[in-house]
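Only a predicted model underlies this, so the values are computations on that prediction, with no experimental measurement involved.
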Amino acid sequence: MNRNISYSSLLEKAIIILLIIAFLLFILYPIAGLFVRSLTEGGQWSLFYYKDLFKEENIELIRNSVFVASLSSICATILALCIGLYAHFKGGRIRDLIYRGLMISMISPPFISSIGLLTLFGRRGLISYGLLGLTLNPYGWHGIVLLQSLGGIPLSAMFMMAGLNQIDSRLILASRDLGANPWQTLKNVILPSLIPTILSVLFLRFTMNISDFTTPVIIGGRFNVLATEAYLRVYAQANLNGAAAMTVLLLPPALVAFYFYNNNLQKTNTLSDRSKVLDVETLNYKLPRLVNFISGTITLVFFIIMVVQYGNIFIQAISRNVSGKLVFTTDHLHFFQDRHLDALLRTIHMALIAALLSTLFGVMLSYYNRMRRIPGMKSIEFIGSLPYIIPGIFFGLAYIVVFHNGPIKMTGTLIILIVNCTFRHVSVGNKAANATFENIDKKLEWASYDLGASKLQSLVTLIFPMLRPTFLTSFINAFTACMTTVGPLMLLVSPKNLIISVLMFSEVSNGRYGQAAVMGLSLILITFTVNLIAMALMTREKRITR
Amino acid sequence: MILELKNLTKMYDDKNGVASFNLAVERGEFITLLGPSGCGKTTTLNLIGGFLQADSGEILMEGKDISSLPPEARKVSTVFQNYALFPHLNVLENVAYGIRFFRKYSKKKALLAAEEFVHLVGLSGYEKSNIGNLSGGQQQRVALARSIATGAELLLLDEPLSNLDVALRTHLRKELKEIQRKTKTTMIYVTHDQEEGLSLSDRIVVMDKGLIVQIGSPREIYYKPVNSYVADFVGKSNFLEDEKGNQYILRPEDVNIIEKPGGKYIIEQMVFLGHRTEYILRNGEEKVEVHLQGIRGKDFNLGDSVDIEILFKSKLNNG
Amino acid sequence: MILELKNLTKMYDDKNGVASFNLAVERGEFITLLGPSGCGKTTTLNLIGGFLQADSGEILMEGKDISSLPPEARKVSTVFQNYALFPHLNVLENVAYGIRFFRKYSKKKALLAAEEFVHLVGLSGYEKSNIGNLSGGQQQRVALARSIATGAELLLLDEPLSNLDVALRTHLRKELKEIQRKTKTTMIYVTHDQEEGLSLSDRIVVMDKGLIVQIGSPREIYYKPVNSYVADFVGKSNFLEDEKGNQYILRPEDVNIIEKPGGKYIIEQMVFLGHRTEYILRNGEEKVEVHLQGIRGKDFNLGDSVDIEILFKSKLNNG
Amino acid sequence: GDTKVVEEEKEVVEGTNEEVVKEKPYEGTVLEVSVAYGGADASFEAFTEETGIEIEWVSMSTGAKLSQLQAEEGKTTTDIWFGGGVDSYINARELGYLHQYNSPEYANIDDKYIDSEGYYGALAIVPHGIIINNDLIEELGLDIPETWEDLTDPQYKGEIIMADPSISGGQYAIHSGLLQHMGEEAGWAFWEAIDKNVDYYGQSGGEPGQKVAEGEFAIGLTAITGGTFGLAETAPVTPVFLDSVPWIPAPIAIFENSQNKDAAKVFVDWYVSDHGQTILKDADARIMANRNVEPPADLAAILDMDKLIDFDLVKMGSDRESTLARWAEIIGE
Ligand SMILES: Nc1ncnc2c1ncn2[C@@H]1O[C@H](COP(=O)(O)OP(=O)(O)OP(=O)(O)O)[C@@H](O)[C@H]1O
Ligand SMILES: Nc1ncnc2c1ncn2[C@@H]1O[C@H](COP(=O)(O)OP(=O)(O)OP(=O)(O)O)[C@@H](O)[C@H]1O
Ligand SMILES: [Mg+2]
Ligand SMILES: [Mg+2]
């Protein structure tokens, strides 16, 4: 008996150590490697690239970045709040419908919206010019704000709905019972209770927006932000060290925002009282008329834009836009079939493996940190969240810098893409598992030991099965992210490991929207299918456990 | 007559809900709705509070039908099962909330006025405390103060003590009664704990599956239950039948055991609970539960042959 | 002697924890750890179960020190406060879990073996039921079956009934005792409910602030409490002092009220609880609580002048 | 257009098939090619057929490729660098990432197009001009510009799109070419003036052509290649050469780290030979570097070769940093 136990606990120790090594090796080491590189010039230690980091133009860039990121984050948060409120208090089928709609609109890569926006609202856009005869100039900060806001809405609104769902509905009853009308209740109870959620959404968006370069590249026009500048240093000027130095400027605001995000997320988890007497249907609370009207309109407009956008992607895929007129063609489809099918298959292959691994690692990390409280795992968890925070392109560069020779030479292979994607999205599964563990009775694990199961046996027979729904959701999210990620992979691709999202981004930035639309469509279809399968698995799961 | 419920009906489906509920409540009365889980107590309160819309029937308050008013327009206030205190406000702000919106005070004045009520429930010194830092009993008092502060003429209380431990429960019961006496508020109290119902109420409404079974004073309910359901719900009972087929209930505490070697009852089971000892006596098929109080319970042992003396029994009306 | 705790100490900080705990448990005994929240009951159980490491002291099981073994290697099984049933497994699988890992059966054999225990706790027919669909009482039985099925010689039970309503609690108490009788398992039971402790145990360990205050049979604890803390914890008490300064406790149920116009006590408070009526009598500064059982309690009213008859009192040892 | 090219290709391939069968020493070898030469992929099939060497390729801007090379210190898995901005090649040569190879076929190529030491050769000459949207010009009542100077006319305000020269190698060539051609002072005055008419700088050399074809802008500064003529077949656009024609060579090079240098040499030889150049020209019509290959007909029809400016590529490379710094100042204002 004793021997068995020590064998299994040895095995577990080995797993923990491997886990730690993996995080150090595939996250910390590359980032440190890139950082060190940026501190050298011609093989010598030098602050050359940091010297003029704070010159006036860069200060301007920082200002631009913070301005745009703040504005789009605030817009996205407000709009998402409206949609969340509307959906939540409508309840019933409308609520479910909106939720599904949000899930679907989440699966398109963000920069694909720009195709829609430009062909619809560009200077010769189908709507702005073709329909209304207007000549709009979408290029500039307002274009970035618009796109980043739109792109941020789906996830944020889903957060809001979750947050609203956590509010003890009795508080709303109590407020009205104490004489507060719906508006006073909204202002004094609902919104204050939602503050942690609102803040965490705000900060998450800020973190994402400030390091987003794809949107500004495509629609920023003459308006430059830090992330684009850093991207251009790499992409156009081959000034890799300078770009790395520039990321250092991006890090502090991103880290600060992420810190607040994390902090507030924890609050949302602990404030909630899960025993609820009434669901929304019986709650009988209706949003104040004006709020209801405004948020309803916003919801409607958002979904119209989404429908138009998706429809437009579809139309783009089978047509050319010639000065505001549409001409149908199958050229794009043929071209795709000839040229990009391989890449698509490769992308699916990569995303499946990476999503699986990243979910697994994320959950294990969370398990050892939250449930087992193994010392040091907290720091590993922080390391795990780094790739999510730092601009993607640098996570890619960092990989090239450290994995191009030596014992772990991976450049030019599919493996490097898989590993990169795995660790880039590892915090998705990690966060989800953290939230789940928050709700799992720690005693369950004790019970398992008490009944004679070793730690590893408990992990396999107890923890993993209980986490299955979390696994599935994180897997979907990670898969979606892997399918659509561009930043870190852009420089990791070579002829042998070309993937579809990178191809698509290069088509978009070349203005060849038709090709990009076909690729976008294929991505959306596949992600959607995988989502459907996973959701079907999940509802089956629910049926079993109910 | 502060409140009158006439034929109030709200069914969620065929089985669940409340049907044909008729009740008249006098000003200053303490009424308890008593019944097992799921019998419709909360539903009734929610109908009065305005959180649910009745299918049919009337809710008259001081003679006026308030059925169609929203909760915020009803002069009724609810103390919720888990208090539903606002976690983002402190004690004083919680109590001031109702004053502000119900009595339409300015925020500043409301806070001032709230102090009196915080004092009333004995929480002076806790004005600025965070709700999360209060004990269950303190939270319960804040909830009470918050509801009373609205000046509502009718207070609805939904199992306000059910999450507390026994000692605290007994203590707060007394306090609640005391506050009611002071403020003369009419209260409708919901519980499934018969001791609570019996000790607090002027009148008790015993409910079963959405229907009223009996309305009466505590002693009426306990000693003159209309049927075995009520009898069983408010206490333990032995059921006896006499030769004529009349049914009686016999409370275990209204029986004495008499030492009598060769008596016709045998002590089959004995549970020592400190303040009393519970016995089960058997005479062939007949089983009688007897509770002996205190030291009196010490005198008998398992297997003893004894006899019994009936101190009181009450006749049941139903078959 | 199945278990011996010697000088067991585990302090979380200066004040909280358990200190110098000494207890010897005989095979087949039912021991209750009784004490208020925070007194260290769960800590003690967790030390025995192996979920916590003691600062010092020994845990001997059948004479062997098991202090350094991990939980899975101890022949001890715990029924947790909220049962900690595995929500993703059905009833049979839950019960089989321990058989599989503790007794090292194959999964298939474990499931077969589990059936017997499901039957033992009266859940035949529920084998495939989902844990979430069971009532609290059924869950409690599954937890019990799961622990017993491991074949562990010692069962630790941490307030297994505390989340259930009164009626169910009383019912399950009896069942638990019955199962213990059948399986002859040694049990250490934790509760803060004195009725539970008194009715179930062979011996009771009364704890206060991490220390043992008294160990004894239920009657010893109730009628010969070593100090007022124990006396108060296991029941209500009036404290009397005679001329010589000797302190006595007088249980409210061991007093009778005697009708006597002009008697020296006045009835100040009266609470009708159905099965008994609680009175508070006053004689100047002196206050006596008296509980009259059943119909006997009907005879007096607030303000009556009465006298009392003391049926039993017990002398306290402490000052 | 596309289908025609393919048909022609087939004929060529069939015609030469038998002859080549004998010499396929690298049959099955896979070459990885980093391509920055629009349309070049249409020629790979023919190459594979004739040599048995297979091609895997990725399209990546030369700037990005150079960054990647730097990050991996030249240890690229790619064998061939195909087309793009010559300045990146010059940079890479200095960093030691390129393999020195003097193809015998370079004899047919003008010296000024290729590296004197053979680190890179040239595939084609890419002339630059503008592309105009006929519908828009008409609708807005704009004149068709004839000289670079014309573009500074306020009537074009907001209607001109060009790529950012710090991003697009092609745009930098126009930039540097016009500076050399007009002289520093006049050149900068021109760029400053045109900036006033430009609202939007594209992020890649291909973008202006696309955007003009879609009607987003009336005029785009662009390289004029087969692809530009291709746009004219589906959109109301016309490529136009102005008074002088800046140009840039599309280079080709073998990476020093290549593990298939022999096959790579076959590749280079093939692509600069008369035969390969003809096929490449069919894939994307440009003025080929090999002087034995006739310029494509549609290009020749509008391009007067004498208008090609006298261009010092080395100076273009060495001036890059200072030029772009000054440019940044202009657009920053
Ligand atoms: N919104 C609803 N939809 C359908 N059925 C409901 C709804 N709310 C309550 N019920 C059902 O109606 C019955 C009465 O519910 P109610 O909450 O009034 O019971 P209760 O007496 O307050 O019970 P408890 O003591 O458990 O609080 C229950 O069977 C309950 O399941
Ligand atoms: N991990 C811990 N760290 C610090 N203090 C603790 C810890 N666990 C328990 N305590 C404290 O030690 C004391 C004893 O705790 P324990 O859980 O044993 O009490 P208990 O008698 O089981 O109480 P309850 O009836 O509330 O379950 C309490 O004051 C508790 O707050
Ligand atoms: Mg209820
Ligand atoms: Mg405990």
Picking from C:Leu85, C:Val79, C:Leu89, which has the most non-hydrogen pairs under 4.5 angstrom with chain A?
C:Leu85
Crowded around C:Lys177 NZ? As in, over 12 foreign heavy atoms under 6.0 Å?
yes
Partner chain A: residue of C:Thr78, C:Asn82, C:Val76 with the largest heavy-atom pair count (under 4.5 Å)
C:Thr78
Please examine the side chains of C:His88 and A:Leu462, heavy atoms only from C-beta on, and report whether any two atoms are closer than 4.5 Å.
yes
Can you tell which part of C:Arg146 gets under 4.5 Å to a heavy atom of chain A, answering side chain, backbone, both or neither?
both
Measuring heavy-atom distances to chain A, does C:Phe80 have an atom under 4.5 Å in its side chain, in its backbone, in both, or in neither?
side chain
Test item: C:Phe86 and A:Thr461 side chains (from C-beta on) under 4.5 Å apart, heavy atoms:
no
Pairwise side-chain contact, C:Phe101 with A:Ser458, heavy-atom cut-off 4.5 Å (strictly under)
no
Give a yes or no on this: more than 12 heavy atoms of other residues, nucleotides or ligands lie within 6.0 Å of atom CZ of A:Phe528.
no
Pair count under 4.5 Å, heavy atoms only, with chain C: among A:Lys455, A:Met466, A:Glu445, highest is A:Met466
If you count every heavy atom of other residues, nucleotides or ligands that lies below 6.0 Å from C:Asp14 atom CG, does the total exceed 12?
no
If one checks every heavy atom of C:Asn90 against chain A at 4.5 Å, the contacting part turns out to be neither
Inspect the surroundings of CZ in A:Phe464 and state if more than 12 heavy atoms from other residues, nucleotides or ligands are less than 6.0 Å away.
yes
